[in-house]
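The block underneath contains the structure these notes are about, expressed in structure tokens.
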Number of protein chains: 2
Amino acid sequence: MLIISIRVKLALVLENLVKDNDDMPGHLARRFQQIAVAVFHAEVEQAGYDLTPVQYAALAAISTNPGIDQVTLAGLIAYDRTTITGVVDRLVQKGLLVRNASTRDRRARELQITDEGRKTLSGVAPVVEAAQELMLRGLTAAEGDELLRLLRKAIAAGNELSRAPLREVPEAGKSKPVT
Amino acid sequence: MLIISIRVKLALVLENLVKDNDDMPGHLARRFQQIAVAVFHAEVEQAGYDLTPVQYAALAAISTNPGIDQVTLAGLIAYDRTTITGVVDRLVQKGLLVRNASTRDRRARELQITDEGRKTLSGVAPVVEAAQELMLRGLTAAEGDELLRLLRKAIAAGNELSRAPLREVPEAGKSKPVT
DNA sequence: TACTGATAATCAGCATACTGATCAATATTG
DNA sequence: CAATATTGATCAGTATGCTGATTATCAGTA
């Protein structure tokens with residue numbers, strides 16, 4: 001009887017305490033990302049490629065910054081360095097990257113895209129582009145732009161709150177994308 | 001020589017083909033969610049609780065819909081049913097839930113929140129609420145509302161594109177939250 | 001130069017998320 | 001009723017993502 005009474009009270013309290021999922025930024029963020037990933041996979045696979053979102057991001061970043069080390073790569077695309085280890089593993093496995101010990105710093109591994117990687121990247125880039133459009137298909141162009149603007153602003157304010165914040169590439173005359 | 005030439009051409013093509021990450025909805029979606037999860041974890045842990053975002057969502061949904069089965073739960077919070085198996089495992093492990101075979105349908109498991117679960121939920125709900133605010137701290141109130149509106153709209157249009165779409169709870173006179 | 005602290009990469013361990021398969025039980029249909 | 005299809009839960013396998021630890025190396029300093 002007493003227990004039931006407590007239960008009733010708590011249930012009534014909870015009813016007012018727990019918000020609807022649709023009012024939770026965190027829930028909406030996860031849902032949107034979930035859809036984004038599903039669209040990415042569907043489009044990329046349908047085009048005959050086997051590449052995950054993070055693999056694409058890493059490949060593109062290395063293409064633009066040849067010889068980059070893994071920590072810098074992680075900062076550039078805002079992934080945790082421990083995650084990048086496995087991602088690079090799989091890209092090397094697929095023959096899209098090579099990973100060599102750096103001569104300047106023997107702790108570091110220099111990442112280079114292979115010809116195969118370049119071919120894959122140029123083939124898949126338009127597909128990825130199309131997938132990005134698909135994610136916003138429910139919005140008008142203006143709304144899509146506004147969504148991106150608001151996301152960028154919220155992300156900028158929260159950048160340091162995650163373990164994997166975005167980091168600008170530090171080095172100056174770093175690299176031309178061409179050998 | 002020939003190879004170098006191909007490499008140069010591809011690199012030039014790639015430069016125009018690969019978009020900046022900041023223009024990719026998918027990238028921004030992941031970053032925002034990454035920050036959202038980090039904020040959630042930090043706030044919840046700081047308040048002395050050990051609960052992940054999906055565990056919170058599941059606990060709240062079961063509290064509102066006692067006796068729900070796992071597939072319905074998954075649809076209600078838009079998670080994949082195979083993911084929910086593990087999530088429920090861990091909530092049962094922590095003593096926040098009980099999972100019993102249903103008498104109506106012996107394939108199904110009926111989920112009930114425990115008193116311990118109710119206590120945890122009522123304690124952590126305000127913390128989760130605060131975390132949701134924190135995620136939007138870079139935005140004005142109006143911008144925050146607009147972001148949520150645009151996310152809801154984009155998600156509604158893409159709902160069926162993921163393997164785990166949101167599903168309304170079907171049954172009619174389903175349940176009062178009180179025993 | 002020996003010492004101290006920082007850094008690049010990796011690893012172990014845990015918790016999502018997904019695809020595709022299996023198993024048991026239920027629903028549907030000829 | 002029997003055959004078939006569907007459904008709820010789980011499992012195997014793969015890939016993120018994270019925390020915290022370890023190892024090798026580098027950088028700065030007493």
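Just the heavy atoms: all of them, side chains too, but no hydrogens, waters or symmetry mates, feed the values below.
- The shortest distance between the side-chain N/O atoms of Q33(B) and the OP1/OP2 oxygens of dG17(D) is not below 4.0 Å.
- In this structure, R106(A) reaches the dC26(D) phosphate: one of its side-chain N or O atoms is under 4.0 Å from OP1 or OP2.
- A straight line from CZ of R167(B) to P of dG8(D) spans 11 Å, rounded to a whole angstrom.
- Here Q70(B) reaches the OP1 or OP2 of dT10(D): one of its side-chain N or O atoms lies under 4.0 Å away.
- Among the heavy atoms of the strands lying under 4.0 Å from V87(B) are primed sugar atoms or P, OP1, OP2 only; no base atom is included.
- Between the P atom of dT10(D) and the CG atom of D80(B) lies a distance of 13 Å, rounded to the nearest Å.
- The shortest distance between the side-chain N/O atoms of R90(B) and the OP1/OP2 oxygens of dT16(C) is below 4.0 Å.
- Annotation: cation-pi pair R30(A)/Y79(B) present, NZ/CZ under 6.0 Å from the ring centroid and within 45° of its normal.
- Look at CZ on R81(B): it is 14 Å from P on dT6(D), rounded to the nearest Å.
- One can place NZ of K94(B) at 10 Å from C1' of dA15(C), the figure rounded to the nearest angstrom.
- Taking both residues in full, the closest heavy atoms of V127(B) and A47(B) are given as CG2-CB, 3.7 Å, listed atom of the first, atom of the second, then distance.
- Contact annotation: the side chain of L97(A) approaches that of I62(A) to within less than 4.5 Å [non-hydrogen atoms, C-beta and beyond].
- Annotation: of the two residues near DNA chain D, D105(B) and D89(B), the 5′-most nearest-nucleotide partner is D105(B).
- Relative to the side chain of T83(B), the nucleotides dA8(C), dA9(D), dT16(C) differ in distance, and dT16(C) lies closest.
- The residue T52(A) sits close only to the backbone: its heavy atoms come under 4.0 Å of sugar-phosphate atoms, none of a base.
- Nucleotide dA15(D) holds its P atom 14 Å from the CZ atom of F40(A), rounded to whole Å.
- The phosphate of dC11(C) (OP1 or OP2) has no side-chain N or O of T82(A) nearer than 4.0 angstrom.
- Considering only side-chain N and O atoms, Q34(B) lies under 4.0 angstrom from the phosphate OP1 or OP2 of dC18(D).
- Nearest-nucleotide assignment on DNA chain D puts the 5′-proximal partner with R107(B), out of R107(A) and R107(B).
- Contact between the side-chain N/O atoms of Y79(B) and the OP1/OP2 oxygens of dT16(C) is not found at any separation under 4.0 Å.
- Rounded to whole Å, atom C1' of dA24(C) lies 10 Å from atom CZ of R109(B).
- Side-chain nitrogen and oxygen atoms of R31(B) include none within less than 4.0 Å of the OP1 or OP2 phosphate oxygen of dG17(D).
- Here the shortest heavy-atom pairing between A157(B) and G138(A) reads CB-CA, 3.4 Å.
- Taking atom CD1 of residue I84(A) and atom P of nucleotide dT16(D), one finds them 9 Å apart after rounding to whole Å.
- Here the closest non-hydrogen pair linking H41(B) and P53(B) is NE2-CD, 4.0 Å.
- When the P atom of dC14(C) is taken as reference, atom CD of Q93(B) falls 12 Å away, rounded to whole Å.
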